[in-house]
**Student:** 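This is the structure I want to talk about, given as structure tokens.
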Amino acid sequence: MKTSQFDILFEPIKIGPVTAPNRFYQVPHCTGMGHRYPQAEARLRGIKAEGGWGVVSTQEAEIHPTSDLTPANEARIWGEEDIPTLRRVTDAIHEHGSLAAIQLVHNGLHTANRYSRLSPIAPSSCLVDSNDPVQARAMDKTDIADFRRWHKEAALRAKAAGFDVIYVYAGHDMTLLQHFLLKRHNHRTDEYGGTMENRLRLFREVIADTKDAVGDTCAVAVRLAVDELMGDGGLRHDGEGREIIEALAEEPDLWDVNLSDWSNDSQTARFSDEGFQEPYTSFVKLVTTKPVVGVGRYTSPDNMVRVVKSGLLDFIGAARPSIADPFLPEKIRQGRLEDIRECIGCNICVMGDNTNVPMRCTQNPTIGEEWRKGWHPENIPPLEAAQNHLIIGGGPAGLEAARALAQRGAEVTLADARGTWGGRVTLESGLPGLSSWGRVRDWRLWQLRQTAQASLYLESRLSSDDVLDFGIAHVAIATGAEWRIDGVGRHHREPLAFLRQAAIVSPDTLMEKGAGAITANGPVVIFDDDRFYLASVLAELTAKAGHKTIFVTPSPIVSPWSENTLEQVRIQKRLIDLGVEIIASHELADMDGDSLTLACCYSGKRTQIACATLVPVTSRLPVDQLWHDLMGAQSKWADAGIKSVTRIGDCYSPGLIAVACQSGHGYARDAGAKTAPLPLREDFSPK
Ligand code: ADP
Ligand code: SF4
């Protein structure tokens, strides 16, 4: 067999009593499905195994009703009745020869037990860490014994459900076992508190319990946060984080090490690069002989080889790279490196868990749709009959529609008015910290350039007459959307007549021209009523270009939706560090000359600020004139040979890049179908 520099990634690795077929390890990650969408969950994990991940893990699996994360959709292993559901997952993973891992969890003070209504438990009496008006009670010795028993029983149930690797989890500041380790949560004065040896006691006991219970046939993995990026206020990789691993070095069968909390572990590309955890986790292999898995948004096969060869890790751990491309390992194995759909580090996937719905992904429109729509990430059934499609607009929607249609065997013509492909992703990838977003364009363009099915035309602005002249049977209009400059957004629902248009620079212009679009002398006011990432990135752009920048928003915090992508605190800190003045909870009230009047959203109290340039980041309007023109010319379609005209992506409904990709993908999937099939529903299906 041909050798390759990547062979090292495909070596089998022993983990205690079991053996992983290779070094690709899908670490536990949430899906927003869990026990509420069990068939979707099983199908998703099975596809990861099919794609070559040697170990495939569940998300956290609550072990007992005192760890009830409702309304989140996590895995659940409260009782015997959960075993058949989990068996679906292990069967789906084993079908492809991979190991199935389960991350058992007790969430301690991280959960308010809204559904079970039981008192949360913690090392010491304290408030839970959500905003729920609920306190966790301090565990007495009976509680500690109970907890150990629950964990052991859950491990036995996990074994019965077919799992090969069973986790003891102390990470993300979300788990009882980590709460016991941390001085800030553990104020006990008995043998479970105080010294490091004492705070470690329960963790050590539970690892031993789990090994006793299931260690004959199952590997026992420990997931530990080695640093919390809080300095001396928390675990440090050169402090107690290291001491814990040194103390327990040989006790588990595998160390899965990372950063805590989740926002540190799953940093976005805006705030960290591939491999960002290496400085924190690289010591682990020096203090244990057990295999070590770590993460860091690895998508580059060369980097993976470097990490293994240099002895940093034994397994390449991945959550997000395995979501963006479930077939990443298989593509490396086959030497199809250009086909890897690299994660862009945007955390739209994380949003699913944080909003309690099945995840979506900017790069992979099939994630979360594997079961309910039958979408496979690599395969799409070929068209039953030949079809010709004209796609107008080469942003994420148009590119994905064209790519997927070509994969199905359609003849595709793709045209864009601009001189570059990518639409909004090209514009946005030019902004500070977002360069990896260009991967959305690059992967699709690469695929399109490999096929003879697709003809690509830049600098081709099409009118309705052009479309009629082309006479291509199926037309998809993917002409995108434009930011409004009349102030209409979430807070202001009607146009603001007082806005001085001469002082306005639209977000599109700022993205197109960069900070050079700001020509007036004086402060730039970014007014954010969109409330996700863009306004903050534009503020970063203008502040870095040396403009005094003021960020005004009706929201009480900067970019509130970015809490769902784990970025909010970092975004607000970055603006503060850049000297951006933040005026929260204010609306626009008037504009006169170089002065902008703001009003407090609560009291109405008015304030005037200097404003030479206003950048309103509020909402977008579809660029759909072409669609209207074609609808007005419907009587000419038959003669022109046109059978369908469909809007997709932002032109249909402005939204996330992930939504535009999915819209393009859905258009291609539905091509040729008389009616789009209805998605399956778990609530009406036998479990
Ligand atoms: P989406 O997110 O839905 O893919 P984008 O805004 O990213 O939308 O991309 C829309 C693309 O459509 C842009 O690149 C734009 O240049 C192109 N476009 C808009 N109108 C026309 C037109 N009439 N003919 C060709 N291309 C167009
Ligand atoms: Fe990566 Fe974004 Fe997809 Fe998450 S949503 S896997 S961060 S590309």
Side-chain angles (χ1 to χ4, degrees), residues 29-31 266-270 274 297 299 318-326 328 341-353 359-368 390-402 413-429 434 436-437 439-441 443-444 457-467 470 475-483 508 511-512 564-567 620-627 629-630 647-665 667:
H29 72 72
C30 301
T31 58
S266 292
Q267 292 179 38
T268 57
R270 190 172 167 190
E274 181 168 339
R297 249 182 27 249
T299 58
R320 291 171 291 176
S322 76
I323 295 165
D325 195 340
L328 186 151
R341 199 170 43 236
E342 289 182 285
C343 166
I344 70 165
C346 61
N347 277 7
I348 292 301
C349 49
V350 171
M351 205 176 82
D353 185 61
M359 63 160 64
R360 60 195 322 161
C361 167
T362 303
Q363 275 284 55
N364 176 8
T366 67
I367 204 90
L390 170 63
I391 316 283
I392 306 161
L399 285 170
E400 176 60 17
T413 304
L414 177 64
D416 196 289
R418 293 181 211 216
T420 49
W421 294 109
R424 65 179 289 196
V425 293
T426 296
L427 287 183
E428 294 185 30
S429 65
L434 303 187
S436 61
W437 294 28
R439 292 171 174 181
V440 173
R441 168 202 60 217
W443 182 77
R444 292 172 172 81
Y457 301 96
L458 284 174
E459 294 179 338
S460 306
R461 178 173 296 281
L462 302 190
S463 64
S464 57
D465 285 344
D466 295 329
V467 176
F470 268 116
V475 181
I477 304 190
T479 45
E482 279 175 357
W483 287 94
D508 288 309
M511 286 192 275
E512 195 98 45
N564 294 316
T565 55
L566 310 174
E567 293 173 290
R620 293 182 296 154
L621 280 173
V623 176
D624 56 4
Q625 189 56 48
L626 180 56
W627 183 79
D629 291 348
L630 282 167
R647 287 170 295 174
I648 59 173
D650 289 323
C651 166
Y652 183 54
S653 177
L656 299 172
I657 297 168
V659 176
C661 270
Q662 169 142 5
S663 165
H665 192 85
Y667 173 75

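Whatever order the structure lists them in is the order used to number ligands and atoms, beginning at 1.
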**Student:** With a cut-off of 4.0 Å, which atoms of ligand 1 are near a heavy atom of S460?
**Tutor:** 24 (N), 25 (C)

**Student:** What is the closest protein heavy atom to atom 24 (N) of ligand 1, and at what distance does it sit?
**Tutor:** L462 N, 3.0 Å

**Student:** Does the N or O separation between V425 and ligand 1 drop below 3.5 Å for any pair?
**Tutor:**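 There is no such contact.
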
**Student:** To which protein heavy atom is atom 4 (O) of ligand 1 closest, and what is the distance rounded to 0.1 Å?
**Tutor:** A397 N, 2.8 Å

**Student:** Have a look at ligand 1 and work out which part of T479, if any, has a heavy atom under 4.0 Å from it: side chain, backbone, both or neither.
**Tutor:** both

**Student:** In Å and rounded to the nearest 0.5 Å, what is the OG to CG distance from S663 to L656?
**Tutor:**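 Going from OG on S663 over to CG on L656, the span is 12.5 Å.
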
**Student:** Would you mind telling me if ligand 1 is within reach of the side chain of A417, the backbone, both or neither, using heavy atoms under 4.0 Å?
**Tutor:** both

**Student:** With respect to atom 17 (C) of ligand 1, which of T420, D416, V659 exhibits the smallest heavy-atom separation?
**Tutor:** D416

**Student:** Check whether any side-chain heavy atom of C349 lies under 4.5 Å from a side-chain heavy atom of I367, and answer yes or no.
**Tutor:**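 They are not in side-chain contact.
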
**Student:** Is atom 2 (Fe) of ligand 2 less than 2.8 Å from at least one N/O/S atom of C343?
**Tutor:** no

**Student:** Hey, which atoms in ligand 2 end up nearer than 4.0 Å to a heavy atom of T362?
**Tutor:** 3 (Fe), 5 (S)

**Student:** Around atom 12 (O) of ligand 1, find the nearest protein heavy atom and jot down its residue, atom name and distance.
**Tutor:** G393 CA, 3.2 Å

**Student:** Just verifying a value: how many Å separate I648 CD1 and I391 CD1, rounded to the nearest 0.5 Å?
**Tutor:**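 One gets 5.5 Å once the value is rounded to the nearest 0.5 Å.
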
**Student:** So which heavy atom in the protein is nearest atom 6 (S) of ligand 2, and how far is it from that ligand atom?
**Tutor:**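 Among all protein heavy atoms, the one nearest atom 6 (S) of ligand 2 is R320 O, 3.3 Å.
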
**Student:** Keeping the roles fixed (side chain from Q363, backbone from E342), state whether a donor-acceptor pair exists under 3.5 Å.
**Tutor:** yes

**Student:** Going by the atom numbers of ligand 2, which of them fall below 4.0 Å from some non-hydrogen atom of G345?
**Tutor:** 1 (Fe), 7 (S)

**Student:** Number the atoms of ligand 2 from 1 as they appear, then name those within less than 4.0 Å of a heavy atom of N347, with their elements.
**Tutor:** 2 (Fe), 7 (S)

**Student:** Would you find a donor on one side and an acceptor on the other, under 3.5 Å apart, between the side chain of R620 and the backbone of G480?
**Tutor:** no

**Student:** Considering only the protein, which heavy-atom contact is closest to atom 10 (C) of ligand 1, and what is its distance?
**Tutor:** A478 O, 3.2 Å

**Student:** Go through T362 and V425 one step at a time and tell me if the side chain to side chain contact (heavy atoms under 4.5 Å, CB included) criterion holds.
**Tutor:** CA-CA 11 Å; T362 303; V425 293; over 6 Å; no

**Student:** Provide, to 0.1 Å, the distance between atom 7 (O) of ligand 1 and the closest protein heavy atom, together with that atom's residue and name.
**Tutor:**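 Minimum-distance protein heavy atom for atom 7 (O) of ligand 1 reads R424 N, 2.7 Å.
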
**Student:** For ligand 1, which atoms, with element, lie under 4.0 Å from some heavy atom of G649?
**Tutor:** 3 (O)

**Student:** Among protein heavy atoms, which sits nearest to atom 9 (O) of ligand 1, and what does the distance come to when rounded to 0.1 Å?
**Tutor:**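 In this structure, atom 9 (O) of ligand 1 has G395 CA, 3.5 Å as its nearest protein heavy atom.
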
**Student:** Could you find the nearest protein heavy atom to atom 2 (O) of ligand 1 and give me its residue, atom name and distance?
**Tutor:** D650 OD2, 2.5 Å

**Student:** Looking at atom 3 (Fe) of ligand 2, what's its closest protein heavy atom, distance included?
**Tutor:**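 Here the nearest protein heavy atom works out to C361 SG, 2.3 Å.
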
**Student:** For atom 8 (S) of ligand 2, grab the closest protein heavy atom and report residue, atom and distance to one decimal in Å.
**Tutor:** I344 N, 3.3 Å

**Student:** To the nearest 0.1 Å, how far is atom 4 (Fe) of ligand 2 from its closest protein heavy atom, and which atom is that?
**Tutor:** C349 SG, 2.3 Å

**Student:** Could you measure the distance from the CZ atom of R647 to the CD1 atom of I392? Nearest 0.5 Å is fine.
**Tutor:**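 Result: 13.5 Å between the selected atoms.
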
**Student:** Do any N or O atoms from the side chain of R424 and from the backbone of E482 form a donor-acceptor pair under 3.5 angstrom?
**Tutor:**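 No; zero donor-acceptor contacts below 3.5 Å.
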
**Student:** Below the 3.5 angstrom mark, is there an N/O of P396, backbone or side chain, next to an N/O of ligand 1?
**Tutor:** yes

**Student:** Of the non-hydrogen atoms in T479 and C651, which two are nearest, and what is the gap between them?
**Tutor:**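 Smallest interatomic distance, heavy atoms only, reads OG1-SG, 3.4 Å.
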
**Student:** When you compare the side chain of E512 with that of L427, does any pair of heavy atoms fall below 4.5 Å?
**Tutor:**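 Heavy-atom side-chain distance check passes, below 4.5 Å.
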
**Student:** Taking the side chain as every heavy atom from C-beta outward, state whether T565 and V350 have any pair of such atoms under 4.5 Å apart.
**Tutor:** no

**Student:** Would you give the length of the straight line joining atom OG1 of T426 to atom CZ of R418, rounded to the nearest 0.5 angstrom?
**Tutor:** 8.0 Å

**Student:** Is it the case that R341 places NZ or CZ above or below the six-membered ring of W443, under 6.0 angstrom from the centre and within 45 degrees of the axis?
**Tutor:**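 Here R341 passes the 6.0 Å and 45° test against W443.
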
**Student:** May I ask you to identify the nearest protein heavy atom to atom 2 (Fe) of ligand 2, giving residue, atom name and distance to one decimal place in Å?
**Tutor:** C346 SG, 2.3 Å

**Student:** Just how far is it from atom OG1 of T268 to atom CG of L566, taken to the nearest 0.5 Å?
**Tutor:** 8.5 Å

**Student:** For ligand 1, which atoms sit closer than 4.0 Å to a heavy atom of G480?
**Tutor:** 5 (P), 6 (O), 8 (O), 10 (C)

